[in-house]
Each structure stands twice: as C-alpha cells, then as structure tokens.
Asks: 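This is the structure, below, for whatever I ask next.
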There are 2 protein chains.
Amino acid sequence: MQPGTPDNEWREDCAPRRVLDLFSSKWTSMILHVLDTRLEGCARTGVLLRSLPGISKKMLTQTLRDMEASGLVIRRVYGTVPPAVDYTLTPLGKRFVELIDLLYGWGRDNADALDALKAKKGEGA
Amino acid sequence: MQPGTPDNEWREDCAPRRVLDLFSSKWTSMILHVLDTRLEGCARTGVLLRSLPGISKKMLTQTLRDMEASGLVIRRVYGTVPPAVDYTLTPLGKRFVELIDLLYGWGRDNADALDALKAKKGEGA
DNA sequence: CCGAATCCTACAGGATACTG
DNA sequence: CAGTATCCTGTAGGATTCGG
C-alpha cells in the first residue's frame, strides 16, 4: 500500500458508493422488485402507487426519476388527455433486481439471526 | 389494505426490510468488505479505523455493535491494560460480503450507466 | 391521471471531549 | 486503546397542495 495512495476503493465516485446510493434508497429496490415480480416489468404510475403500500406519490415519482437517470427503468409518456405514464424495467434494472433478490433470499434464510438486530433496535421501554 | 392480506412482502419485519437496513447503513458493507478483503476476517478497532478513511470512531463502534447484534461479526475483548478489542467476521457475515461484492461488481460493470445518476445529482450550479 | 413545489420532521451520521 | 455522551447538521422522506 503506497503512502499517499487512497488505499481503499471508497473514493466517492467508486462503484461501491454508487451501488450503495441506489440500494440504500428506501424505495428503489422495492419498486424494482415489484416491477419485476408482480408487474411483468412494466406498469403505470397509479398501479405502482397501489402496489407499494406506504409510498407517497412524491417518493414514487422522485425515485422513479432517479431510476430512469440510472438507466434502471424507461419512462414513457403518452400525450393523452388524462396523462398516462408507464415505467419499464431495462435489462440493467432486471439484472439489478436479480442481485437484490439474492440479498433478500439471504435475509430470509437468516431471518432468525437478523432478528437480533430488530430486537435491539426495538427496545425503547 | 384489508386486515386480511397485505399482498406484498413489505411488512416492516420482512427480510427485504432487514437487508435494506443492513445494507443502507453507510458503513456496514464497507466494514465487512474491508474486513474480508484486506484484513483476513479479523481486525482490531484501530486497524479498522485506519482502514476506513472518513469513518469516525463513533460510527465505527456503533456500526460494529449493530453488526455484532446481527451476527455478522464477533466482538472479542481482551482485559488488558490498554484495552484491546477485535472483530471477527462470522460465516453469516462472510456470506453477506459475497453478496455485497456481487452488487459492487455489477456497479463496476455498469459504471457508465450509473454515471448518469451522479451527473444529475451533481448539477447544482 | 401524473407530477412539481412547499413545508416539516426524524434520524443518520459527523465532530468533539471525556472516561476507564 | 476502546468506547460513550453530547452537540449539531444535512437530508431522506412523509403530508399536503397546486398545476397541467
């Protein structure tokens, strides 16, 4: 390890950080997952809204836009009177969901171990 | 949502959320990665501190404690005069790093696509 | 129906100082 | 050396409202 060299790969513009940003958004991975698992890769705003209990319109749009910018989804607008918009999973997004699902699977696998954390966080009384 | 069936799997106590919590911590995955990649699965506090430029002592300890509670690392204390403590990666933790690295690999693979997001975020002027 | 703008709160996370 | 306590800030993200 050279002196002066940022020996690590955490320099702000590195892949890990980018992934971290994507993944740590509260909704990104959920949207992707739902889109992939239950909506066959494409859905309108309203459908997504209803498929993600707890999400607000604002967060949905905002997250979706970021995802679009990252190339995870494609946004299509139809110039109809009642505006229609839908979002389609890209191959890049699809690949990402797969990885996400791996993580989820791991979580499910070790739910008991992870419960400890929940317990610790929960203790407030 | 009826009292009957939350059709989705995002109920607060589900695996996805737990994983999300873990992963979205700013340092958890980095610590795990460094621990696994460069420190052979075990290191003392000071070493970790130096291996993770930018992290504060507080965040290191705090994150490490959470990780311990989740069973990702084992904390060992030696009752010596200058206190010595080290953290060892558990098999669970090791498995998690592997998945993390997959994500990182994906990020590296598609760095260009993800740059879009960075660009968008960066525009403030 | 879709999205943007505004406002507001909670909390992650950084700096610092102190204890054992 | 390791850890805790305190203080402080940025910001993610929720509720609401307006606009096309």
Side-chain angles (χ1 to χ4, degrees), chain A residues 10 12 17-18 20-31 35 39 42-70 73-88 117-118 120-124, chain B residues 10 12 17-18 20-31 35 39 42-70 73-88 117-118 120-124:
Chain A
W10 316 109
E12 281 300 327
R17 283 295 279 274
R18 260 185 292 238
L20 208 51
D21 280 351
L22 280 186
F23 200 89
S24 51
S25 146
K26 181 171 182 182
W27 295 107
T28 300
S29 52
M30 299 196 182
I31 294 177
L35 210 43
L39 305 171
C42 181
R44 294 189 45 177
T45 310
V47 176
L48 282 169
L49 205 53
R50 277 176 299 256
S51 303
L52 293 160
I55 198 173
S56 65
K57 208 189 292 190
K58 176 196 165 190
M59 282 317 294
L60 179 60
T61 307
Q62 184 175 308
T63 309
L64 243 11
R65 290 309 186 94
D66 283 349
M67 290 165 60
E68 185 195 16
S70 313
V73 295
I74 303 222
R75 179 168 181 268
R76 248 179 332 184
V77 186
Y78 306 87
T80 50
V81 184
V85 179
D86 66 25
Y87 296 87
T88 311
L117 179 64
K118 200 190 69 179
K120 196 191 152 225
K121 279 195 169 176
E123 71 177 31
Chain B
W10 316 110
E12 280 299 327
R17 284 295 280 275
R18 261 186 290 239
L20 208 52
D21 280 351
L22 281 185
F23 200 90
S24 53
S25 146
K26 180 171 183 182
W27 295 108
T28 300
S29 53
M30 299 197 180
I31 294 177
L35 210 43
L39 304 172
C42 181
R44 295 188 44 177
T45 311
V47 176
L48 282 169
L49 205 53
R50 277 177 299 260
S51 303
L52 293 161
I55 199 174
S56 67
K57 207 188 292 190
K58 177 195 163 190
M59 281 319 292
L60 179 60
T61 307
Q62 185 174 308
T63 308
L64 244 10
R65 291 309 186 92
D66 282 349
M67 290 165 59
E68 186 197 13
S70 313
V73 295
I74 301 219
R75 179 168 180 267
R76 249 181 328 186
V77 187
Y78 305 87
T80 52
V81 183
V85 179
D86 66 25
Y87 297 85
T88 311
L117 180 63
K118 201 189 70 179
K120 196 192 150 222
K121 279 197 169 177
E123 71 177 30

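Here is how names work: the chains are called A, B, and so on, in the same order as the sequence lines, proteins then strands, and each is numbered from 1. Since the model is a prediction, treat every value here as computed from it, not as a measurement.
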Asks: How many Å lie between CG on A/Asp86 and P on C/dC2, as a whole number?
Replies: 10 Å
Asks: To the nearest angstrom, how far is A/Gln62 atom CD from C/dG3 atom C1'?
Replies: 12 Å
Asks: Take atom CD1 of A/Ile55 and atom P of D/dG14, then tell me their distance rounded to the nearest Å.
Replies: 8 Å
Asks: Minimum heavy-atom separation for A/Leu22 to A/Thr28, with atom names?
Replies: O-CB, 3.5 Å
Asks: D/dG14, OP1 or OP2 - any side-chain N/O from A/Lys26 closer than 4.0 Å?
Replies: yes
Asks: Between A/Met59 and A/Thr63, which heavy-atom pair has the shortest distance, and what is it?
Replies: O-OG1, 2.6 Å
Asks: Quick check for you: among C/dG14, D/dG14, D/dA2, whose closest atom lies nearest to any side-chain atom of B/Arg44?
Replies: D/dA2
Asks: Just how far, in rounded Å, is P of C/dC2 from NZ of A/Lys58?
Replies: 19 Å
Asks: Output the rounded distance in Å from CG (A/Leu48) to P (C/dG3).
Replies: 10 Å
Asks: So which nucleotide from D/dG3, C/dG3, D/dG14 ends up closest to the side chain of A/Tyr87?
Replies: C/dG3
Asks: At their closest point, which heavy atom of A/Leu64 faces which heavy atom of A/Val73, and how far apart are they?
Replies: O-CG2, 3.9 Å
Asks: Take A/Thr63 and B/Val85, find for each the nucleotide of DNA chain D with the closest heavy atom, and name the residue whose nucleotide sits nearer the 5' end.
Replies: B/Val85
Asks: Would you mind telling me which of D/dT4, D/dG14, C/dC1 lies closest to the side-chain atoms of A/Pro83?
Replies: C/dC1
Asks: Can you tell me if the side-chain N/O atoms of B/Thr80 get under 4.0 Å from OP1 or OP2 in D/dC1?
Replies: no
Asks: Specify the separation, in whole Å, of atom NZ of B/Lys57 and atom P of D/dA5.
Replies: 15 Å
Asks: Just wondering, do B/Val47 and B/Asp86 contact through their side chains at under 4.5 Å, heavy atoms?
Replies: no
Asks: Measure the distance from CG on B/Leu49 to C1' on C/dT16 and round it to the nearest whole Å.
Replies: 14 Å
Asks: Given that A/Arg75 and B/Ser24 both sit by DNA chain C, which one's nearest nucleotide is further toward the 5' end?
Replies: A/Arg75
Asks: Whole Å only: how far is the CG atom of A/Leu22 from the P atom of D/dA12?
Replies: 13 Å
Asks: With a 4.5 Å limit on heavy-atom distance, are the side chains of A/Leu48 and A/Leu39 in contact?
Replies: yes
Asks: Consider the side chain of B/Met59, meaning its heavy atoms from C-beta on, and name the nucleotide among C/dG13, D/dG14, C/dC2 that approaches it most closely.
Replies: C/dG13
Asks: Return the 5'-most residue of the pair B/Thr45, A/Pro82 with respect to DNA chain D, ranking by each residue's nearest nucleotide.
Replies: B/Thr45
